[in-house]
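Contents: one structure, followed by commentary.
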Amino acid sequence: MEIIHISAECYPMAKAGGLGDVVGALPKYQNQAGHFAKVVMPMYRTKFLYDNQFEVDFKGAAYLGDVYFEFTIIKQVTNKLGFDLYLVDINGLLDRENVYGYDDDTERFTAFQIAVITWLNSWEHEPDIVHCHDHHTALIPFMMKHCYAFKTKLANITSIVTIHNAQYQGWMSWDKSYYIPHWDTWKYGMLDWKNMINPLASGIKNAWRVTTVSNSYLEELTKNSNGLEKLFEYERGKCFGILNGIDHDVWNPSTDTYINHHFNVKTVDKGKAENKKIICENFKINPDLPLIVFIGRLVGEKAADILPESIQQIFTHLKNQCCIVILGSGDPVIEAQLKALQNSYKGLYNAYIGYNESLSHVLYAGADFLLMPSRVEPCGLNQMYAMRYGTVPMVRSTGGLKDTVIDIGDEAGYGIRYNNASVADILYSTQRAIDVYNDKDLLQTIRKRMMQIDNSWEKTVANYDAIYSF
Ligand code: ADP
Ligand code: GLC
């Protein structure tokens with residue numbers, strides 16, 4: 001099948017979180033399974049763009065409302081990612097360093113989608129599957145079906161929307177409806193949710209099938225999805241949960257180029273100790289204590305707001321029994337609080353505020369535990385990476401965390417689970433982590449157990465195949 005993935009992120013061209021990892025891996029494994037999968041995304045001004053060779057594939061023009069814009073689609077020439085990567089260049093809109101966070105994100109991503117669909121409409125043949133990811137690309141199914149310029153050719157193509165995160169929906173007021181190329185106004189209900197144009201809701205209504213990145217998250221969406229609960233109830237029949245995989249080529253402790261000491265199941269204890277030593281030297285913390293790390297966006301979904309208080313409670317109640325390192329960026333208030341704590345707990349605690357891909361690998365490799373108290377976690381890749389590197393996940397029982405981590409108290413378990421995103425639960429799970437660390441036989445057993453879990457993409461690819469042809 002020819003599958004075209006449309007996304008705002010794709011690693012290594014641009015990544016803000018797990019969406020980038022997924023779109024950077026799924027098409028590669030789909031191709032290995034015999035498909036012809038490709039990715040189209042915005043041409044941001046990132047390092048990957050300057051370090052690689054591209055050729056022009058298409059030049060076009062379109063309107064965003066009454067603003068005429070020209071766009072160019074370039075293609076990476078070597079296929080080094082394992083799939084064809086196409087970038088859409090729109091001067092003045094997409095030519096930025098970052099993926100998100102600009103005041104005109106609505107205009108940027110609407111123009112991106114219009115450019116992509118104009119390009120698809122120009123093809124001599126039709127792809128089998130148009131696969132959209134999150135709200136930035138979720139207007140495409142509507143445009144395929146209800147925009148006069150595209151529906152003749154594209155209305156019958158299978159469209160899929162995968163929801164990686166339903167917290168963000170791309171809401172825009174109805175006065176921006178003229179951005180969308182001339183559409184059948186009888187179909188306004190297919191754009192609307194609660195008197196706004198809601199791109200994610202529109203994607204759910206118009207796509208052939210909708211998937212989310214774990215089963216438990218799909219169940220949670222009917223109860224808690226930032227206003228879309230009823231919609232998920234109505235559309236439940238066409239929604240499916242498919243757990244993400246992880247890219248074993250990139251996340252492999254025996255070959256990872258970001259880490260100094262490689263290891264495998266047999267050498268895990270020694271390998272982790274050596275990597276931990278480097279972390280402890282760099283962050284000036286005690287290497288003899290269990291090391292707990294948090295890696296992620298410092299936002300409410302990840303319960304990052306309760307980290308500062310939790311850290312204080314841990315060091316008050318479990319004095320000198322563990323060390324903590326944070327790698328993250330996000331809410332400036334949380335960033336400042338986490339930085340300020342560095343002075344209070346020297347030798348036990350440190351934080352790197354910012355985004356650092358290589359440091360994340362080093363931490364997965366050298367840490368003993370990974371803390372994820374997420375309030376919302378559609379899938380979560382961190383815990384899967386951690387497990388692959390023999391690092392015990394301490395996770396709240398929610399979404400994909402629930403589907404991928406079995407508590408050590410249960411049969412064949414390997415992780416630490418708790419129910420609430422609360423300081424008390426984090427404290428209790430830390431006590432359990434310290435107990436695990438002090439039982440060296442148990443620690444070794446669960447490290448080996450986790451490292452052998454198969455979270456590879458092959459299974460996921462087969463699950464998508466079933467949806468595509470369902
Ligand atoms: P989300 O996409 O919601 O942020 P995921 O667990 O799916 O959560 O994926 C997060 C990805 O982003 C992982 O690859 C993780 O290692 C990475 N990541 C998050 N924050 C940082 C950071 N500050 N530096 C480096 N990598 C980070
Ligand atoms: C989102 C989710 C995260 C998931 C990722 C990839 O960003 O927050 O849980 O792992 O997408 O699907």
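Atoms within a ligand are numbered from 1 in the order they appear, just like the ligands themselves. Because only heavy atoms are used, hydrogens play no part in the values below, and waters and symmetry mates are left out as well, while side chains stay in.
Every atom of ligand 1 is numbered from 1 in the order shown, and the set under 4.0 Å from a heavy atom of G328 is 23 (N). For ligand 2, the atoms sitting less than 4.0 Å from at least one non-hydrogen atom of V22 are 6 (C), 12 (O), numbered in the order shown with element in parentheses. Shown in contact with N165 at under 4.0 Å from a heavy atom are these atoms of ligand 2, numbered in order with element: 8 (O). Each of the atoms 15 (C), 16 (O) of ligand 1 lies under 4.0 Å from some heavy atom of Y364. Near G354, the atoms of ligand 1 lying under 4.0 angstrom from a non-hydrogen atom of the residue are 22 (C), 23 (N).
Side-chain contact, T460 with N463: no donor N or O sits under 3.5 Å from an acceptor N or O. Counting only N and O atoms by type, the side chains of E233 and T222 include no donor and acceptor under 3.5 Å apart. Side-chain atoms of S456 and E458 form a donor-acceptor pair, as typed in the model, at a separation below 3.5 Å. Side chains of D465 and H35: a donor on one and an acceptor on the other come within 3.5 Å.
Aromatic rings from Y464 and H131 are positioned such that their centres are separated by under 6.0 Å.
Counting heavy atoms closer than 4.0 Å to ligand 2, residue L19 contributes backbone atoms (N, CA, C, O) but none from C-beta onward. Counting heavy atoms under 4.0 Å from ligand 2, residue D21 does not touch it at all.
Remark: ligand 2 and V213 share no N or O pair separated by less than 3.5 Å (distance only, no angle test). The shortest N/O to N/O separation between M372 and ligand 1 does not fall below 3.5 Å.
Ion pair E219/K223 not flagged as a salt bridge, since none of the NZ, NE, NH1 or NH2 atoms sits closer than 4.0 Å to an Asp/Glu carboxylate oxygen. Contact check on R375 versus D305 returns a salt bridge, with a Lys/Arg side-chain nitrogen under 4.0 Å from an Asp/Glu carboxylate oxygen. The pair D425-R417 does not count as a salt bridge, with every side-chain nitrogen at least 4.0 angstrom from each carboxylate oxygen.
Nearest non-hydrogen protein atom to atom 3 (C) of ligand 2 is E377 OE2, 3.4 Å. Scanning all protein heavy atoms for the shortest distance to atom 8 (O) of ligand 2 gives P378 CD, 3.5 Å. What sits closest to atom 1 (C) of ligand 2 on the protein, heavy atoms only, is H164 O, 3.1 Å.
Within the set G399, G380, S374, the minimum heavy-atom distance to atom 4 (C) of ligand 2 is found for G380. Considering Q383, E357, H361, K302 only, the shortest heavy-atom separation from atom 8 (O) of ligand 1 involves K302. When V299, D21, N356 are checked for heavy-atom proximity to atom 24 (N) of ligand 1, N356 turns out nearest. Between the choices Y385, Y352, Y355, the shortest heavy-atom distance to atom 18 (N) of ligand 1 belongs to Y355. Closest to atom 6 (C) of ligand 2 by heavy atom, among N244, L401, I246, is N244.
At a 4.0 Å cut-off, not a single heavy atom of G400 sits close enough to ligand 2 to count as contact. Residue-ligand proximity: C379 is placed with every non-hydrogen atom at 4.0 Å or more from ligand 1.
Heavy-atom minimum distance, C322 versus L348: O-CD2, 3.7 Å. In this structure, V23 and C10 approach most closely via the heavy-atom pair O-SG, 3.7 Å.
The one candidate from N275, D256, N252 that meets the side-chain hydrogen bond (donor to acceptor under 3.5 Å, both in side chains) condition with Y389 is D256.
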